[in-house]
2 protein chains.
Amino acid sequence: MNTAVILAAIKKHVALDEAEANFLAEQLIPKKLKPGELIEESGEMTKFMIYVNSGCLMTYYTDKDGTDHVIQFATTGWWTGDLHSLQKKVPSIYSTRALVESEILLLPKVSLELVLEKYLKFERYFRIIFQNALVVSQQRIIHSYASTAEERYLHFSEKYSNLEQYVPLKYIASYLGITPEFLSKIRRKLMEK
Amino acid sequence: MNTAVILAAIKKHVALDEAEANFLAEQLIPKKLKPGELIEESGEMTKFMIYVNSGCLMTYYTDKDGTDHVIQFATTGWWTGDLHSLQKKVPSIYSTRALVESEILLLPKVSLELVLEKYLKFERYFRIIFQNALVVSQQRIIHSYASTAEERYLHFSEKYSNLEQYVPLKYIASYLGITPEFLSKIRRKLMEK
DNA sequence: GAATGTTCTTGAACTAGGTTAAGTTCTGGT
DNA sequence: ACCAGAACTTAACCTAGTTCAAGAACATTC
């Protein structure tokens, strides 16, 4: 089981002794995902948080018309999953699937609670993780309100240049909040320059 | 000094003994704000987190054209401020001002760090606060992508019906990501029904 | 209570981005 | 090597929301 990656990542935020590291490692359930494989489906109860060891997953919301809206791409080192469903025990509104062959670690709800209860240091770790995620989420709101689609695409290309290689453009369009057709127009316009 | 409100709110999430409660209370700096008063300005370093004891503040981002974009209304019981600036010591991109007469409590950066260091229990409290804020922030992203302006306005009116009484419509329009003119049109259309 | 500045509304002209539908190019499976 | 299906593009037309400019309704101050 490969928990070296996650433990190293955690240690960038909080110092862990051997007992703490081992205890967490024991709770994690490794899993491999094939491209396109669904790990969590909307309508079901979320049972765990997902840590991406390698590869890339996307989390998306399906609206009443059946249109998907990508709300997050999670690459190596990111957590994903539906926190609201996990905590409030309501059916999830998100689905999560792998975009490429991926290795993930699952942290079940009870394990999370156990870890947090036993070693308060993990509270600090998740406080920092959620705090950072909140900052990113708020910056995304600003971007979606204060920038044009073209600006948002340029910003995305710059920030996630590696993603653009293997993520289908239609999902990138969805993440940017536009249609694939309009993304096409933007890309052509930029090529012509 | 009125710290009863915040301590009661915290105790809904974590149990505090007297020492912990007093220690936090000592760090908080109470302040009264007049309507329109600015408590934090973009471009400056954020020096504290802000807890709203009573009243209502708004946090907004001013874009390159000078247009303001409201990213949060903080009413009684909410935390606000620029987390990114606070932690990374970069100038804030947000401004925060009172919309009505308000009472706030300031938690300076050093005090926050001290509190978190001394009593890990506060890590849990802020982990929960940030986790909830993250959920709300992500739901707002979904709304802005999957709903029309009219739907967003109806949702807002329902969820923050009290706010609509005293918050100028132009700020509500800004929060919804539309122009005041278009909000006017929406409101008229809804009245006619 | 007139004067002045905001906020809110109206309407006409405009544009960023959506829709529909058809055509290409890419891909994976047999 | 071929086929089927998915991903991507193109183009014509459509619409939600913007812009600009002017006026109406409120506040606030002297």
Side-chain angles (χ1 to χ4, degrees), chain A residues 33-38 56 58 60 63-70 73 97-101 141 143-157 163-193, chain B residues 34-38 56 58 60 63-70 73 97-101 141-157 163-193:
Chain A
L33 298 177
K34 291 196 182 64
E37 196 175 340
L38 209 59
C56 180
M58 71 171 194
Y60 58 97
D63 70 20
K64 52 188 182 318
D65 305 327
T67 309
D68 292 344
H69 301 269
V70 176
F73 292 115
R97 72 169 72 237
L99 286 168
V100 294
E101 191 122 354
I141 291 174
H143 259 270
S144 83
Y145 283 158
S147 308
T148 63
E150 182 175 329
E151 287 165 342
R152 273 178 279 149
Y153 171 62
L154 287 170
H155 181 255
F156 178 90
S157 305
L163 272 190
E164 219 181 336
Q165 319 288 311
Y166 58 83
V167 175
L169 283 173
K170 61 173 188 168
Y171 296 138
I172 294 177
S174 169
Y175 179 83
L176 295 173
I178 57 177
T179 57
E181 291 89 341
F182 191 59
L183 179 54
S184 243
K185 275 186 211 174
I186 290 173
R187 282 162 55 84
R188 180 170 47 141
K189 194 181 146 206
L190 291 172
M191 295 277 281
E192 284 168 359
K193 281 183 182 170
Chain B
K34 292 196 183 63
E37 197 175 339
L38 209 59
C56 180
M58 70 170 197
Y60 58 97
D63 69 20
K64 53 190 182 313
D65 304 327
T67 310
D68 291 344
H69 301 269
V70 176
F73 292 114
R97 72 169 71 236
L99 287 167
V100 294
E101 192 121 353
I141 290 174
I142 290 179
H143 260 269
S144 82
Y145 283 158
S147 309
T148 63
E150 183 174 330
E151 286 164 342
R152 274 178 278 148
Y153 171 62
L154 286 170
H155 181 254
F156 178 90
S157 306
L163 271 190
E164 219 182 334
Q165 319 289 309
Y166 58 83
V167 175
L169 284 174
K170 62 172 188 167
Y171 295 139
I172 294 177
S174 170
Y175 179 83
L176 296 173
I178 58 177
T179 57
E181 291 91 338
F182 192 59
L183 178 54
S184 241
K185 278 183 208 172
I186 291 173
R187 282 161 55 83
R188 181 171 45 145
K189 194 180 146 207
L190 291 172
M191 296 276 280
E192 282 166 2
K193 278 181 183 166

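In what follows, chains carry the letters A, B, and so on, assigned in the order in which the sequence lines appear, proteins first and then strands, with residues in each chain numbered from 1. These numbers were taken from a predicted model, which means no experiment stands behind them.
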Polar atom pairs (N or O), protein with nucleotides 8-14 of chain C, under 3.5 Å:
{"from": "C/dC8", "atom 1": "OP1", "to": "B/L169", "atom 2": "N", "distance (Å)": "2.9"}
{"from": "C/dC8", "atom 1": "OP2", "to": "B/L169", "atom 2": "N", "distance (Å)": "3.1"}
{"from": "C/dC8", "atom 1": "OP2", "to": "B/K170", "atom 2": "N", "distance (Å)": "3.0"}
{"from": "C/dT9", "atom 1": "OP2", "to": "B/S184", "atom 2": "OG", "distance (Å)": "2.6"}
{"from": "C/dT9", "atom 1": "O5'", "to": "B/S184", "atom 2": "OG", "distance (Å)": "2.9"}
{"from": "C/dT10", "atom 1": "OP2", "to": "B/R188", "atom 2": "NE", "distance (Å)": "3.3"}
{"from": "C/dG11", "atom 1": "OP2", "to": "B/R188", "atom 2": "NH1", "distance (Å)": "3.2"}

Restricting to nitrogen or oxygen on both sides, can you table the protein-nucleotides 27-30 of chain D pairs closer than 3.5 Å?
none

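Atom CD1 in A/I178 sits about 16 Å away from atom C1' in D/dA16, given to the nearest Å. We find that CD1 of A/I186 is positioned 14 Å from C1' of D/dT9, with the value rounded to whole Å. C/dG17 atom C1' lies 17 Å from atom OH of A/Y153, rounded to whole Å.
Considering only side-chain N and O atoms, A/T179 lies nowhere under 4.0 angstrom from the phosphate OP1 or OP2 of C/dG17.
Inter-axis angle, ends of the helix from C/dG1-D/dC30 to C/dT30-D/dA1, five pairs per end, rounded to 10 degrees: 50°.
With sequence neighbours excluded, the residues that form a side-chain contact (heavy atoms from CB on, under 4.5 Å) with A/E181 are A/T179. Under the side-chain contact (heavy atoms from CB on, under 4.5 Å) criterion, B/A149 pairs with B/R152, B/I178, B/F182, B/I186, sequence neighbours left out. By the ring pair (Phe, Tyr, Trp, His ring centres under 6.0 Å) test, A/F156 is found to be paired with A/Y160, A/Y175, residues two or more places apart in sequence or in another chain being considered. Scored by the salt bridge (charged side-chain N to carboxylate O under 4.0 Å, His left out) test, B/K34 finds no partners at all (sequence neighbours excluded). Applying the salt bridge (charged side-chain N to carboxylate O under 4.0 Å, His left out) test to A/E37 and every residue at least two apart in sequence or in another chain returns nothing. Listed by chain and residue number, nothing satisfies the side-chain contact (heavy atoms from CB on, under 4.5 Å) test with B/S184 (two or more places apart in sequence, or in another chain). In this structure B/R97 satisfies the side-chain contact (heavy atoms from CB on, under 4.5 Å) test together with B/L38, B/M58, B/Y60, sequence neighbours excluded. Legend: residues meeting salt bridge (charged side-chain N to carboxylate O under 4.0 Å, His left out) with B/E101, ordered by chain and number and at least two apart, are absent.
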Side-chain polar contacts of residues 164-174 of chain B - donor-acceptor pairs under 3.5 angstrom, sequence neighbours left out - could you list them?
{"from": "B/E164", "atom 1": "OE1", "to": "B/S157", "atom 2": "OG", "distance (Å)": "3.4"}
{"from": "B/E164", "atom 1": "OE2", "to": "B/Y153", "atom 2": "OH", "distance (Å)": "2.5"}
{"from": "B/E164", "atom 1": "OE2", "to": "B/R187", "atom 2": "NH1", "distance (Å)": "3.4"}
{"from": "B/Q165", "atom 1": "NE2", "to": "B/S161", "atom 2": "O", "distance (Å)": "3.1"}
{"from": "B/S174", "atom 1": "OG", "to": "B/D68", "atom 2": "O", "distance (Å)": "3.2"}
{"from": "B/S174", "atom 1": "OG", "to": "B/V70", "atom 2": "N", "distance (Å)": "2.8"}

Would you please test B/K189 and B/E150 for side chain to side chain contact (heavy atoms under 4.5 Å, CB included) and show each step? CA-CA 10 Å; B/K189 194 180 146 207; B/E150 183 174 330; 2.8 Å; yes
